[in-house]
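Data first, discussion second: the structure below is written as structure tokens.
Order of listing sets the numbers, starting from 1, for every ligand and every atom in it. This is a predicted model, so every value here is computed, not measured.
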Amino acid sequence: MAKSSVSFVCQSCGAVHSKWSGKCEACGGWNTITEEGAAIPMGASARPRVKGRRFALEDLKTQEDAPPRRATGIAEFDRVCGGGLVPGSALLIGGDPGVGKSTLILQALGHYAKAGGAVVYISGEEAMAQVRLRAERMGLSDAPVQLGAATCVEDILATIEGGRAPDIIAIDSIQTIWTSALEAAPGTIAQVRTASFDLVRYAKASGAAILLIGHVTKEGQIAGPKQVEHLVDAVLYFEGERGHHFRILRSAKNRFGPTDEIGVFEMTGQGLAEVANPSALFLGDRNATSPGAAVFAGIEGTRPLLVEVQALVAAAGYGTPRRAVVGWDSGRLAMILAVLDARAGLGLSGHDVYLNVAGGLKIGEPAADLAAAAALISSFSGWPLPKDCVFFGEISLSGDVRPAPQAELRLKEAAKLGFKRALVPLGTKFEGLALRQIGNVAELAAFAGGVAQPERRLGVVE
Ligand code: TYD
Ligand code: MG
């Protein structure tokens, strides 16, 4: 039987229903369902026989010049973009509200404009006066940034189309932008997607680089950057813990550069300051004489980064022991605890365990396992780890320590920052540090005092 030619689509969440109703069962939105013509069925016979236009196919070797980059002059920002913004590209910057996205972008645009570039900043959230006040605080009042307050995508395009396209256009934020072609409320998936699509198409046609700012909510429920990620060329996330003054810009997708690259900034009263040597910052005021702290020699993107992993293992009161993690994956912690119990006989299961990555950084690398395990054992045994030692290596379920990529880069950074020793997986070679190769968690426990000095365990009821 032929499919009916209309369908009912929720303009808020995109769910398709077979009949109209006042409430969308999928997202709970009221009056969001509208009738739409159904997509043309796929199947060759059903397709109208329109003759397509021929186009030339090329081989992979065909050389095109690398796209020229538009560097903003903020080195950390440019590096995360892969060396600057590519003309005709669209970039999405996501992050929690209040993390500093508007500040970062205004600063980048201001710098670029001061160097003679043509930039447009469209604010859909803040009044012009607020943006001006921020620019003044950052000492960018005299930067020739073209400022506008608008939310309708047709208005925005009408304003910038015609005449010479600006080099960079920033839209703050994509959630406030709407198109009059749709009836859905601004911020809904349909609006965000359509408006982004129009802007991206303008970027491709005009050669302007477009920056879309988007809020991510903790629940991820409000239509936002996730729906736009596939439309844009690069996705950057601006992260940072509230209460910490570091901010990290991380590339999650980049068609023109490496991903997982990070740029580190420090928040100041005058805007964001670049941090050229983040390891020194994350190790900052380290008090290495207490147990439970291990320095992880990590890699973020193309850069080595040393950060302190702190653990606290304490006797649980009653009930289920507490497990709390900041900056690391809680599932990974559970796995490491289980491996330490099963393969090194530690007996952590009845204890409260807290794990914290210093400085508000989030670590995703499995190579952090060894540092986390060392910190846990050290806290459990009450035996401080050597102050001048770094750790890296992945721990498998069998308790073996597996090699991690780019060992030399990690160890070089450690040597540069004055570390003398490193606990590494088997087979790691490096000249500048005293290496101790660790094959499995039992050896690690012997090193970190977990089984060798049971009498030193603090707060443990035997
Ligand atoms: P804002 O850029 O408005 O965050 P977002 O656009 O992500 O919602 O910044 C939030 C607040 O933090 C704002 O009041 C300004 C302040 N701030 C500073 O004072 N210094 C800084 O370096 C940054 C990044 C922000
Ligand atoms: Mg903002």
Whether [Y] and [X] form a salt bridge (side-chain N of Lys/Arg under 4.0 Å from carboxylate O of Asp/Glu) is what I want to check.
X: Glu300; Y: Arg250; result: yes
X: Arg410; Y: Glu365; result: yes
X: Lys420; Y: Asp388; result: no
X: Arg303; Y: Glu76; result: yes

Starting from [atom], what is the nearest protein heavy atom, named by residue and atom, and what distance separates them?
atom: atom 4 (O) of ligand 1; result: Gly100 N, 3.1 Å
atom: atom 6 (O) of ligand 1; result: Ser102 OG, 2.6 Å
atom: atom 15 (C) of ligand 1; result: Arg137 NH2, 4.0 Å
atom: atom 3 (O) of ligand 1; result: Arg134 NH2, 2.7 Å

Do Ile160 and Tyr202 have side chains that get closer than 4.5 Å, going by heavy atoms?
-> yes

If we only count N/O pairs under 3.5 Å, is Gly271 in contact with ligand 1?
->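 Yes, since at least one N or O of Gly271 sits under 3.5 Å from an N or O of ligand 1.
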
Quick check: does Met267 get an N/O under 3.5 Å from an N/O on ligand 1?
->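 No, no N or O pair falls under 3.5 Å.
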
Dump the intermediate steps for side chain to side chain contact (heavy atoms under 4.5 Å, CB included) on Val86 and Arg69, then the final yes or no.
-> CA-CA 5 Å; Val86 176; Arg69 301 276 185 163; 3.3 Å; yes

Arg134 CZ: over 12 foreign heavy atoms closer than 6.0 Å = yes

Any chance OH of Tyr354 has more than 12 other-residue heavy atoms, nucleotides or ligands included, within less than 6.0 Å?
->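 Enclosed: over 12 neighbouring heavy atoms sit under 6.0 Å from OH of Tyr354.
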
Given side chain to side chain donor-acceptor pair (under 3.5 Å), test Thr176 with Glu125 step by step and report yes or no.
-> CA-CA 7 Å; Thr176 58; Glu125 274 176 11; 5.3 Å; no

Can you confirm whether something in the protein, heavy atoms only, sits under 4.0 Å from atom 17 (N) of ligand 1?
->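 Given the 4.0 Å cut-off, atom 17 (N) of ligand 1 counts as touching protein heavy atoms.
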
Contact with ligand 1 for [X], non-hydrogen, under 4.0 angstrom:
X: Gly269; answer: no
X: Gly98; answer: yes
X: Arg247; answer: no

If you measure from atom 2 (O) of ligand 1 to every heavy atom of Val131, Leu272, Ile105, Thr103, which option wins on shortest distance?
-> Thr103

Under 4.0 Å, heavy atoms only, figure out whether ligand 1 is touched by the backbone of Thr268, its side chain, both or neither.
->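 Looking at Thr268 and ligand 1, just backbone atoms fall under 4.0 Å.
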
Return yes if some donor-acceptor pair links the side-chain N/O of Glu239 with the main-chain N/O of Lys362 below 3.5 Å, else return no.
->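 Absent.
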
Gap between atom CG of Leu417 and atom OG of Ser279 - 0.5 Å precision |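 If we round to the nearest 0.5 Å, Ser279:OG and Leu417:CG are 5.5 Å apart.
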
Taking all heavy atoms of Pro166 and all of Ala208, pick out the closest pair and write down the distance.
->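 That would be O-CB, 3.2 Å.
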
Environment of the Mg ion (ligand 2) in terms of protein N/O/S atoms, cut-off under 2.8 Å |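 Result, waters dropped: Ser102 OG.
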
